[in-house]
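Worksheet: one structure, shown below.
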Amino acid sequence: MGAVKSLAFFTKRIIIIASVFSLLSCVNVFAAVDTNALNNSMLQNINDLRESLGLQPLKIDSSLISIANIRSDEASDEWSHTRPNGEQGVEMIPADRWRGENLSNIIDTEDVTEAAKIMFDNLVESPEHYDNMVFDQFTRIGIASHVEDGKITVAYMFSS
């Protein structure tokens with residue numbers, strides 16, 4: 001009798017543990033988004049567009065990536081080109097350069113290819129965002145993604 005009772009107790013514990021792991025995997029599904037792949041895909045889409053227009057590709061710039069990281073975090077909290085301190089996002093780039101900012105987001109997807117296509121298409125459809133992607137004075141870019149609560153927010157910082 002004791003062995004049967006112990007087996008039932010053990011089985012219940014396994015079910016509870018499995019349920020907790022199952023719940024945790026659902027909660028963290030968006031933590032699995034490969035932001036590097038997403039950022040690289042967006043860069044490729046932008047550079048393909050530029051190439052189709054006879055423009056030079058944008059080169060990745062580490063200082064712009066740092067700025068884009070800050071902006072993607074900020075924009076995930078408050079969707080705006082205005083920073084929490086009241087400045088515009090582009091003001092993080094030195095004023096002696098050409099500078100621009102695009103922001104995009106998508107909800108409820110972990111398919112990087114699909115997310116990149118949807119966000120890129122939306123940017124192309126917006127005249128101001130399109131202009132940033134094809135402005136011939138921009139030579140450098142930083143792209144960063146922030147993933148939280150089922151939402152992917154991407155910041156693109158452009159500069160000369």
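A side-chain hydrogen bond (donor to acceptor under 3.5 Å, both in side chains) with Thr82 is found for exactly one of Gln88, Glu87, Glu74, namely Gln88. Only one option out of Asn40, Ile152, Val147 pairs with Thr35 in a side chain to side chain contact (heavy atoms under 4.5 Å, CB included); it is Val147.
Of all non-hydrogen atoms in Ala144 and Ala68, the two that sit nearest each other are CB-C, 3.4 Å. Counting all heavy atoms, side chain and backbone alike, Met119 lies closest to Leu38 at CE-CD1, 3.8 Å. The two atoms that bring Ala155 and Arg71 nearest to each other are CB-CB, 3.8 Å, heavy atoms only. Counting all heavy atoms, side chain and backbone alike, Thr113 lies closest to Asp111 at N-OD1, 3.0 Å. The minimum heavy-atom distance between Ser159 and Ile93, with the atom names listed, is OG-CG2, 3.7 Å.
Side-chain contact between Glu128 and Asn132 is absent, with no heavy atoms from C-beta onward closer than 4.5 Å. Taking 4.5 Å as the limit, every side-chain heavy atom of Gln56 sits out of range of all side-chain heavy atoms of Thr139. Considering only heavy atoms from C-beta on, Glu148 stays 4.5 Å or farther from Thr153 through its side chain. Residues Arg99 and Phe158 are not in side-chain contact: their nearest non-hydrogen atoms beyond the backbone lie 4.5 Å or more apart. Contact check for Lys151 versus His146: no side-chain heavy atoms found under the 4.5 Å cut-off. For the pair His81 and Glu101, the minimum side-chain heavy-atom distance is below 4.5 Å. Here the side chains of Arg140 and Arg97 are in contact, with some heavy-atom distance below 4.5 Å. Looking at Phe120 and Ser104, their side chains never come closer than 4.5 Å, going by heavy atoms from C-beta outward.
For the atom pair CD1 of Ile143 and CG of Asp61, the computed distance is 11.5 Å after rounding to the nearest 0.5 Å. Remark: Phe138 CZ to Ile46 CD1 distance equals 11.0 Å, nearest 0.5 Å. Separation of atoms CG (Asp34) and OG (Ser145) is listed at 9.5 Å; rounding is to 0.5 Å. Taken from CG in Leu55 to CD in Gln137, the straight-line distance is 10.5 Å, to the nearest 0.5 Å.
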List the steps, then state whether side chain to side chain contact (heavy atoms under 4.5 Å, CB included) holds for Met157 with Ile141. CA-CA 5 Å; Met157 304 307 293; Ile141 190 170; over 6 Å; no
Where do Met92 and Arg83 land on the side chain to side chain contact (heavy atoms under 4.5 Å, CB included) test, with the steps shown first? CA-CA 10 Å; Met92 298 177 75; Arg83 302 187 62 217; 3.4 Å; yes
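Between Trp98 and Phe135, the distance from one ring center to the other falls under 6.0 angstrom.
Side-chain heavy atoms closer than 4.5 Å link hydrophobic residues (I, L, V, M, F, W, Y) into clusters, and following such links, possibly through other members, connects Met42 to Tyr130. Both Ile106 and Val154 are members of a single hydrophobic cluster when ILVMFWY side chains are connected at heavy-atom separations under 4.5 Å. Connection of Ile70 to Tyr156 is not established within any shared hydrophobic cluster, with ILVMFWY side chains joined at heavy-atom distances below 4.5 Å, either directly or through further cluster members. Val90 and Leu58 are assigned to two separate hydrophobic clusters, defined by single-linkage of ILVMFWY side chains at heavy-atom distances under 4.5 Å. No chain of hydrophobic side-chain contacts below 4.5 Å, direct or via other Ile, Leu, Val, Met, Phe, Trp or Tyr residues, connects Leu64 to Val134.
Side chain of Ser126 to backbone of Leu123: no donor-acceptor contact under 3.5 angstrom is found. Between the side chain of Ser66 and the main chain of Ser62, a donor-acceptor pair closer than 3.5 Å is present.
A donor and an acceptor atom, one from each side chain of Glu51 and Asn47, are nowhere located under 3.5 Å apart.
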